[in-house]
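In this text the structure is predicted, and so the values were computed from the model without any measurement.
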Amino acid sequence: MFKIMLIDDDVPMLKVLQQMMDWEQLSLSIIGSAYSSVKALQMFKELLPDIVITDIGMPQMDGLQLSAEFKKIKPSVRIIFLTCHEDFHYAKKALAMNADDYLIKDELTAMQLEKSLMNSIQSIQSTVTMSEQISYREQFERNIDLFKQSFYQRLLAGNPAHLLLEYAKQLEIRWEYPMFMIASGTISLAGTLQKYSYHDISTLRYGIYNIAQELSRTYDGITVFADQGEWAIVLNYRQSLAFNAQQYLHRYLQMLEENCEQYLKVKLRFVLFTNKLEIEQLGGALRQMQKEKYYAYYVDEPIMTREAAKLKPKYGDSKILLQQERNELIRTVQAQQTEQTIASLDKLFQKARAEQLDPIELIQDCSRTMRLIEMQSSKSTIDERYYVCLDTTMHVEDTKMLMAMKLYTLLGNIRTQTSSRSKDMKLQEIDQYLLAHLSENVTSVDVAQYLYLNPSYFSRYFKRLTDENFTDYVHRFKMKAAMRMLEYPDETIEMISLKLGYSDRTYFTKVFKKYIEMTPGEYKSKMSSGL
């Protein structure tokens, strides 16, 4: 049943409306009627009807004004206006109120009213359907990463091809062609830890994943999956003489690398597997890619093919082969010899490269060595997050860089100013955008798009960077600008309010007082008196 409310200052007209048709047959229920606008407004707040039939010409508050109040309380309410006037001035205002109909009382018939009511019901049902669709879509988009991760696990498990294609279709992944090619990607810590802390790595990986997904929308056939701190990139394509799948995938990887360096100031590394695969072979190839993830450990090119990256580790015991270099490293740290410590570290990794030691064993040995050094040092508390980062390094220079950072910390030579300068640069870029759009209502979504970042990631990243939410930051930024403007005698509060995107002076004054702890008028008076 849809709830109906009738409003007319002509009481006989209310009775005519009530008796004009069989309301229940139309799935309608009259839940209230009022002959004054004051009573109607109070009744509306209590009953919240779905449809209101109201007269326009009423004392105190006419039907148009009353409907505006209804819309504020319940935006989805449908309005049907009744009037004795045929003046188009009223009709135009009624249309501006987004009314479903404008009916002349003297010409009103049951059929005409029923038709208007059916239109209102259809509008309500359409709105409900649309809301359900939007809700489903929002839920789908909110959980898309989990769905994709589930799909990736099915790929690795080697599910039947027809089930994989059906699941891909449900996730709106367009795998329309028979051939596939894959690549793996990882963050280059050696090029990243000069600007960020290792605490930021998980957040950066999420940001890179979002950039990779956004970029994939402009490259047909490319799908990106998160894979244990790395990324698996899958290209689906139709084999033809005119299309070079390897070059196409290489271009995507190159563009991804450029975007991440431009927007996040990080570098990436990729291994491109040039095998041409059918969907039945895809799961096995992805599993093989996981097994071979350390094959590029000693290769320095940012984008390389599997053939160029692949090595055959000697699987020698790094504990024995690097014993001399490790002991020298420990000795120089204990002696607080900075230059000799870094030289010892260089020797250790030069030998590891020359011997092509097994990366997994090398990383484990490096981790044990650093733990031993930390336990012997009274200057540091062991941070397990550091060792998680060290244990998952994917390139020899990354392992070396993380060790060097920790050694500098232990030796008392850390330069904390680097991190703050990096953060200042990011805020400067955001401030420049706000300054260029001072008169606009800038949202975090706007800035995220400007920085080529996912909005939800940007909100978390911004909160961590500034320790306040984006809305507060924008208001504070604008209020500082307002303070400068108020120092000029020719600038009125109304003008400043509009220049800063606040159309309502009262709201502007409220915001100014919240952040500056006085009203704009009080601040202007203070500046004028020179206090």
Exercise. Start with the C-alpha distance between E397 and R353, add both sets of side-chain angles, then the distance that settles salt bridge (charged side-chain N to carboxylate O under 4.0 Å, His left out), and finish with yes or no.
Key: CA-CA 10 Å; E397 290 302 319; R353 274 185 179 273; 3.3 Å; yes
Practice problem: Could you give me the CA-CA distance, side-chain angles and deciding distance for E257 and K267, then say whether salt bridge (charged side-chain N to carboxylate O under 4.0 Å, His left out) is met? | Solution: CA-CA 7 Å; E257 181 188 26; K267 295 183 179 294; over 6 Å; no
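Between Y473 and F462, the angle of the ring planes goes over 60°, which puts this pair in the perpendicular group of the 30/60° scheme. In this pair, Y219 and Y252 present their aromatic rings perpendicular. The plane angle is above 60°, beyond the 30 to 60° band.
One finds the CZ atom of R174 at 12.5 Å from the CD1 atom of I222 (value rounded to the nearest 0.5 Å). Going from atom CD of E468 over to atom NE2 of H475 covers 11.0 Å, rounded to the nearest 0.5 Å. To the nearest 0.5 Å, atoms CZ (F512) and CG (L500) are separated by 10.0 Å. Taken to the nearest 0.5 Å, the NZ atom of K400 stands 13.0 Å off from the CG atom of L402. Atom NE2 of H395 sits about 8.5 Å away from atom OH of Y297, to the nearest 0.5 Å. The OG atom of S216 sits 12.0 Å away from atom CD1 of I211, with the distance rounded to the nearest 0.5 Å.
Judged by a 6.0 Å distance limit and a 45° cone about the ring axis, R371 is positioned over the six-membered ring of Y387. Judged by the 6.0 Å and 45° rule, K513 forms no cation-pi pair with Y523. Taking the centre and axis of the six-membered ring of Y167, the NZ or CZ atom of R154 falls inside the cone set by 45° and 6.0 Å. Seen from the ring of Y386, K406 counts as a face-on cation partner, given the 6.0 Å and 45° thresholds.
Atom CZ of R238 is surrounded by 12 or fewer heavy atoms from other residues, nucleotides or ligands within 6.0 Å. By the 6.0 Å contact criterion, CD on Q334 is enclosed, its count of non-hydrogen atoms from other residues, nucleotides or ligands being greater than 12. The 12-atom threshold is exceeded at NZ of K74, counting heavy atoms of other residues, nucleotides or ligands nearer than 6.0 Å.
With hydrogens and angles ignored, the 3.5 Å screen pairs no side-chain donor or acceptor of S367 with any backbone N or O of I363. The backbone N or O of M179 lies less than 3.5 Å from a partner atom in the side chain of N236, making a donor-acceptor pair. A donor-acceptor pair is defined here as one N or O able to donate and one able to accept, closer than 3.5 Å; no such pair exists between the side chain of S150 and the backbone of L146. Without hydrogens or angle criteria, K478 side chain to S439 main chain gives no donor-acceptor distance under 3.5 Å. Looking at T192, its side chain never comes within 3.5 Å of a backbone N or O of L189 through a donor-acceptor pair. Within the 3.5 Å criterion, the main-chain N or O of D446 finds a donor-acceptor partner in the side chain of T443. At distances below 3.5 Å, not a single donor-acceptor pair connects side-chain atoms of E261 with backbone N or O atoms of E258.
Of all the heavy atoms in I233 and G185, the pair that sits closest is CD1-N, 4.3 Å. The minimum heavy-atom distance linking D504 with S497 is given by the pair O-OG, 4.0 Å. In terms of heavy atoms, F458 sits closest to S444 at CD2-O, 3.6 Å. Among all heavy-atom pairs drawn from D398 and S188, the shortest one is OD1-C, 3.8 Å. Of all heavy-atom pairs spanning A296 and V271, the tightest one is CB-CG2, 3.7 Å. Heavy-atom minimum distance, A352 versus L322: N-CD2, 4.4 Å.
The closest side-chain donor-acceptor pair between D472 and Y515 falls under 3.5 angstrom. Inspection of the Q246 and T274 side chains reveals no N or O donor paired with an N or O acceptor under 3.5 Å. Under 3.5 Å, the side chains of K148 and Q153 contain no donor-acceptor pair of N or O atoms.
Annotation: side chain of M255 is in contact with side chain of L215 (closest heavy-atom distance under 4.5 Å).
Y209 and Y457 have their aromatic ring centers separated by at least 6.0 angstrom. Ring centroid separation for the pair W175 and F180 comes in under the 6.0 Å cut-off. For F243 and Y237, the gap between ring centers is short of 6.0 Å.
A side chain to side chain contact (heavy atoms under 4.5 Å, CB included) with F151 is found for exactly one of N159, T223, L164, namely L164.
The pair E325-K351 counts as a salt bridge, with a side-chain nitrogen and a carboxylate oxygen less than 4.0 angstrom apart. Salt bridge annotation for R464-D200: present, with a cationic side-chain nitrogen under 4.0 angstrom from a carboxylate oxygen.
Within the structure, salt bridge (Lys or Arg N to Asp or Glu O under 4.0 Å) pairs that include any residue of residues 218-236 do not occur (at least two apart or interchain).
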